[in-house]
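Input: a single structure, listed below in structure tokens.
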Amino acid sequence: MPSETTRGRTRSELALRLASAAVLIPFALCVVYFGGVPLAVGCAVFAGVMGLEWAGMSRSSLRMPLALACALPSVIAGTVSLEAGALCVLATSGLMGVLAFGSPVRMGEAVFGVLYAGGMPLALFVLRDGPWDGLPAALIFMSIVWASDAAAYFAGKGFGGPRLSPRESPNKTWSGALGAVISTALCGAIAAYLTGGDRMGWIVTGILISVVAQGGDLFESQIKRRFGVKDAGGILPGHGGIMDRVDGLGAVCAITVLVFIVVPASLDLLGLNT
């Protein structure tokens, strides 16, 4: 049985997570609801902080240039156009590669850092303000990712069992992953009712959202393992850094936007076409 110390540590960790969520979730919902410039500014702030976190993890001397390079695409997307924002993230990542000139590894880290830390918030902005019914799309997808995270945490703590990926993320279990998938399938059924989309299409989408979100989390765990750090940063009590909190959501937004663009029929299936 868990010791009293372990139970106390778990309660303390949960309290910190809930406190962080109580601040982050209302802020995220507010800027996503308004969209446009308020969302662009919010995404830019998050991207800038994530740029600083990337610079810290990769031990780059380009701290402020990386932060600005990550933040600028969201600002451009919100004030000029979505296409300009996408071109901007490509341009700023290339510029950071030039500024990090020397070691190919350093150049690659700078380029990927901007694409990763700047691209995830930009993907959320495009999901919300893209040429589809962006408000319900963004709110529903965000909610499903949060439900996946919560279910994975509580199912993992409650049932335990074999580790999902002992090397990259030793705290994640198969029971947590399964709990997350089940919860997001149920969320998909609710989303179908809210949007009028195809029920089975939404159930499958909910499951895929959980899989992608967990994959994004594991991917960042691999990055942190490569750099030899436990957390991307320490700005969020109980969560680490901003990047630690949005890795799954960022992956979901990026892939969702790509699917919506490449397979427009998916919008009709989910009832998200304008």
Side-chain angles (χ1 to χ4, degrees), residues 24-55 62-99 110-143 145 209 212-213 216 220 232 241-243 245-264 266-267 270 272-274:
L24 286 178
I25 290 178
F27 172 77
L29 292 175
C30 181
V31 294
V32 167
Y33 176 80
F34 286 106
V37 173
L39 177 58
V41 172
C43 288
V45 170
F46 272 55
V49 174
M50 290 163 63
L52 292 175
E53 292 174 349
W54 183 268
L62 303 171
R63 288 181 58 83
M64 288 310 299
L66 271 170
L68 292 173
C70 291
L72 186 58
S74 292
V75 174
I76 296 298
T79 57
V80 182
S81 70
L82 300 180
E83 294 79 8
L87 291 174
C88 183
V89 76
L90 295 176
T92 54
S93 64
L95 176 61
M96 289 302 101
V98 171
L99 292 179
V111 170
F112 181 76
V114 176
L115 293 174
Y116 186 66
M120 288 194 291
L122 178 62
L124 172 60
F125 183 84
V126 176
L127 178 62
R128 167 61 177 89
D129 275 22
W132 41 71
D133 203 356
L135 179 57
L139 292 177
I140 290 172
F141 276 68
M142 289 166 64
S143 299
V145 171
I209 288 173
V212 171
E220 197 209 327
I242 294 291
M243 199 176 294
R245 189 64 188 130
V246 304
D247 47 9
L249 177 60
V252 167
C253 290
I255 291 179
T256 298
V257 167
L258 182 61
V259 170
F260 283 178
I261 293 173
V262 175
V263 189
S266 61
L267 295 167
L270 301 178
L272 295 174
N273 222 334
T274 52

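Remember, it's a predicted structure, so these values are computed and weren't measured experimentally.
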Would you say that [X] contacts [Y] through its side chain, given a criterion of any heavy-atom pair below 4.5 Å between the two side chains?
{"X": "Leu127", "Y": "Trp132", "value": "yes"}
{"X": "Leu66", "Y": "Leu52", "value": "no"}
{"X": "Leu124", "Y": "Met142", "value": "yes"}

Any chance you could measure [X], atom [atom1], to [Y], atom [atom2], to the nearest 0.5 Å?
{"X": "Leu272", "Y": "Leu135", "atom1": "CG", "atom2": "CG", "value": "10.5 Å"}
{"X": "Leu258", "Y": "Thr256", "atom1": "CG", "atom2": "OG1", "value": "9.5 Å"}
{"X": "Phe46", "Y": "Ser74", "atom1": "CZ", "atom2": "OG", "value": "11.5 Å"}
{"X": "Met50", "Y": "Met120", "atom1": "CE", "atom2": "CE", "value": "3.5 Å"}
{"X": "Ile25", "Y": "Arg245", "atom1": "CD1", "atom2": "CZ", "value": "6.5 Å"}
{"X": "Leu270", "Y": "Asp133", "atom1": "CG", "atom2": "CG", "value": "11.5 Å"}

Do side-chain atoms of [X] reach the backbone of [Y] as a donor and acceptor pair under 3.5 angstrom?
{"X": "Arg128", "Y": "Leu139", "result": "no"}
{"X": "Asp129", "Y": "Gly36", "result": "yes"}
{"X": "Trp54", "Y": "Ala67", "result": "no"}

* Asked: What closest approach, in Å, do Pro73 and Leu122 show between heavy atoms, and which atom pair accounts for it?
  ->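 Heavy atoms only, the tightest pair is O-CD1, 3.9 Å.
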* Structure fact -> Smallest heavy-atom separation, Ala117 atom then Gly51 atom, equals CB-N, 4.1 Å
